[in-house]
Amino acid sequence: MHILLASGDDGTVHLARLDASGVPLGEPWQLSRAALPKEVSDLEATEQPRWVWDSSSEMYPPLLAAGVRLGRCHDVTLARTILRFSQLVQDSSYAALATELTGSPAYPVTEDTPLEDLQESLFEAPRHRRTAGEIRAEFAAQLDAVQSSRAPVRLRLLLAAESAASLVAAEMQSLGVPWDPQVHRELLSDALGPEPAPGRPPARMEELAQQLRAELRAPQLNPDSPQDLLKALHRNGIEVRTTRQWELQSFNHPAIAPLLEYKKLARLYTANGWAWLEAWIRNGRFRPDYVVGGVVTGRWASRGGGALQIPRTVRRAARALPGYKLLVADASQVEPRILAAMSGDAGMAAAAREQDLYAEIADAGFGGSRSSAKVALLGAMYGATTGESARLMPQLRKLYPRAIALVEDAARQGERGESVSTWLGRSTPPPGPEWDAAQRTQSQEEQRRADAWARSRGRFTRNFIVQGTAAEWAECWLAGIRSRIAAFEAPEGHEETVFPPTGPAELVFFLHDEIMIHAPAELIPRCVAAVEEAAREAGRLLFGKAPVDFPLTVAVVDSYDQAK
DNA sequence: CACCCCCGCGCG
DNA sequence: AAAGCGCGCGGGGGTG
């Protein structure tokens, strides 16, 4: 059973039961926003429907805030993003509708984009709220596009995983990562000195800057300015091309140590200092916005607070509450395992049945050198063209011909301007107007740029199939964890605690191939089992009985820095 | 002043 | 060692 949920213009909400093809069943009804949580909660309990709506990010947070957790949904907007480009969708009528609805051309906008393609989206009035009828019609068209596609089972799984992920993201945002501001303040003052007055640099940074100005004999030096810094370094015979730390490291000069230290502290101060704490920690929780499907490959993105870049140095401040633990689980070496499973390369799959895939590959063909095996494999998935990685490619190709052929084929297709797809059917957006322009090049210089562009596109498509399929595995994993821990009840001794609508075990963080659960200590063993079962299930959902494992590294800790 | 790009660095 | 993929963010430094 599906139930459609759509906001009206007048503060009401429209509901309608839909059958398996999205056709209305019975009469639609409507109610006030205030009455919605009760109604939705009752329907969830009695019918366990799949909720159909324009967007989870818009509809679900208010329900969560009112104490309502939902089991399943179909996010029409996320489904559109997938289906409009998917090569598995054969009937182009939905793709055309989807492109129209996104209000932007089907290719990325650049300075060469014809003005008429942009005008509509730039100058149209604020987008009107989509009516229940429009959302229902699009939902039905999406079901039809999937049904008539080349691989309905895969696409259905992808859309279900993406929608489940959208529920996870809203729940994570409402829960937040438990964050101890006191611990954070302590680590800041340990590293930087006491909190400076507004507009003043921290004491420790100021000391280092002075030391640097003395060593480089540059009394006016602003170490935050790469241009300024580069000039000062050159004047002192330090012939770096850039001011990146790895390049500075190789120079032996008394200014290098304080400069590297300054850069480290400056990063901590600007990215995760007192201002960050003030802006992002409320009531002991870090609550960033997660953007499901925000990356072309299907990975999540985030907005605000640098949620997907929490540096190791501040992870000590992410701490379980008293009586709770953090369960941090990450999937080891996901991308090479995905490559092994997708390509059906028997040799690589054998390595991917072991705990340490790189070590197996090292033994199989790199004289036991794990680092060589790792560099070679990463190079194959990223498209390395120079250095050790490129040198090791022939050996890797000899060992695992099918796996390497898969990524090489994806690269060739990208270079020709074609699209490629993940295992479940998310495809690259078409290359856009700069590719068309490159086809009409005249001069040698233009030809050289066009070739460079094609190689770059090839590296992108090569990586896309692997990174994107890994993201699909991870969303299936997330969905499986979510549904398992939702059933957990409060352990004894917590009778008085008021738990969030998602229950006592809180799925609070996700980072590409890693999850964090914050749960009462008594529930942790069951959470560990849930996380491991869900990983096995994700492997089966994508690849059936394919002989590849996705082992996890699981840590039960009091603070995030203790994991790994 | 707002807006944009580049740089550098954090994460996977 | 720092290449080869995908991101977000803050600061400098330029533009209109």
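Side-chain contact, T422(A) with E472(A): a donor N or O sits under 3.5 Å from an acceptor N or O. Side-chain contact of D356(A) with Q333(A): a donor-acceptor pair under 3.5 Å is present, judged by distance alone. Between the side chains of S419(A) and Q87(A), no donor N or O sits under 3.5 Å from an acceptor N or O. A donor atom on one side chain and an acceptor atom on the other are not found under 3.5 Å apart for Q249(A) and Q245(A). A side-chain N or O of D451(A) and one of Q447(A) form a donor-acceptor pair less than 3.5 Å apart.
Taking atom CD on E408(A) and atom P on dG4(C), their separation rounds to 16 Å, with Å as the unit. Atom CD1 in I338(A) sits roughly 18 Å away from atom P in dG6(C) (whole-Å rounding). To the nearest angstrom, C1' of dC11(B) lies 9 Å from CZ of R312(A). Nucleotide dG12(C) holds its P atom 11 Å from the OH atom of Y269(A), rounded to whole Å. Atom CG of L377(A) is separated from atom C1' of dA3(C) by 15 Å (rounded to the nearest Å).
Salt bridge annotation for R204(A)-E207(A): present, with a cationic side-chain nitrogen under 4.0 angstrom from a carboxylate oxygen. Under 4.0 Å is where a charged nitrogen must lie from a carboxylate oxygen, and between R316(A) and E186(A) no such pair does. Between E335(A) and R299(A) there is a salt bridge, since at least one side-chain N of the basic residue sits less than 4.0 Å from a carboxylate O of the acidic one. No salt bridge links E388(A) with R391(A); every basic N to acidic carboxylate O contact stays at or beyond 4.0 Å.
dG12(C): glycosidic angle beyond 90° from 0, hence anti.
Note: W423(A) and F543(A) meet the aromatic proximity criterion, with ring centroids under 6.0 Å apart. For W276(A) and F286(A), the gap between ring centers is short of 6.0 Å.
For the strand DNA chain C, secondary-structure stems (runs of at least three Watson-Crick or G-U pairs, all distances below 3.5 Å) span B:1-12 with C:5-16.
Contacts between residues 381-405 of chain A and DNA chain B, defined by a heavy-atom separation under 4.0 Å, are absent. Using a 4.0 Å cut-off on heavy atoms, the residues of residues 239-261 of chain A that approach DNA chain B are T242(A), T243(A), R244(A), Q245(A), listed by number.
The side chain of T270(A) approaches dG10(C) more closely than any other nucleotide in the set dG4(C), dG10(C), dC7(C). In the set dC5(C), dG11(C), dG8(B), dG8(B) carries the atom at the smallest distance from any side-chain atom of P226(A). Of the candidates dC7(C), dG10(B), dC5(C), dG10(B) carries the atom nearest the R267(A) side chain, counting heavy atoms from C-beta on. Each of dG8(B), dC11(B), dC5(C) was ranked by its minimum atom distance to the side chain of K263(A); first place goes to dG8(B). Minimum atom distance to the side chain of L511(A) is reached by dG12(B), of the listed dC5(C), dA3(C), dG12(B).
L378(A) comes within contact range of no nucleotide atom at all, as no heavy-atom separation falls under 4.0 Å. In this structure, N222(A) reaches the sugar-phosphate backbone alone: every heavy-atom distance under 4.0 Å involves primed, P, OP1 or OP2 atoms, never a base. Within the 4.0 angstrom heavy-atom criterion, only backbone atoms of the sugar-phosphate kind lie near V296(A); the bases stay farther away. Across all strands shown, R315(A) has heavy atoms under 4.0 Å from sugar-phosphate atoms exclusively, and none from any base. Within the 4.0 angstrom heavy-atom criterion, only backbone atoms of the sugar-phosphate kind lie near A301(A); the bases stay farther away. Among the heavy atoms of the strands lying under 4.0 Å from R459(A) are primed sugar atoms or P, OP1, OP2 only; no base atom is included. Residue-level contact check: G294(A) touches neither bases nor backbone, having no heavy atom under 4.0 Å from any strand. R462(A) comes within 4.0 angstrom of no nucleic acid atom, judged by non-hydrogen atoms across all strands.
Side-chain atoms of L188(A) and Y269(A), non-hydrogen and from C-beta on, never get closer than 4.5 Å to each other.
Looking at every heavy atom in both residues, S389(A) comes nearest to V375(A) through OG-O, 3.0 Å.
When the side-chain nitrogen and oxygen atoms of T297(A) are compared with OP1 and OP2 of dC7(C), none of them lie within a distance under 4.0 Å. Applying the 4.0 Å criterion to OP1 and OP2 of dG4(C), one finds that N463(A) has every side-chain N and O outside that range.
A donor and an acceptor atom sit less than 3.5 Å apart, one in the side chain of Q309(A) and one in the base of dG8(C).
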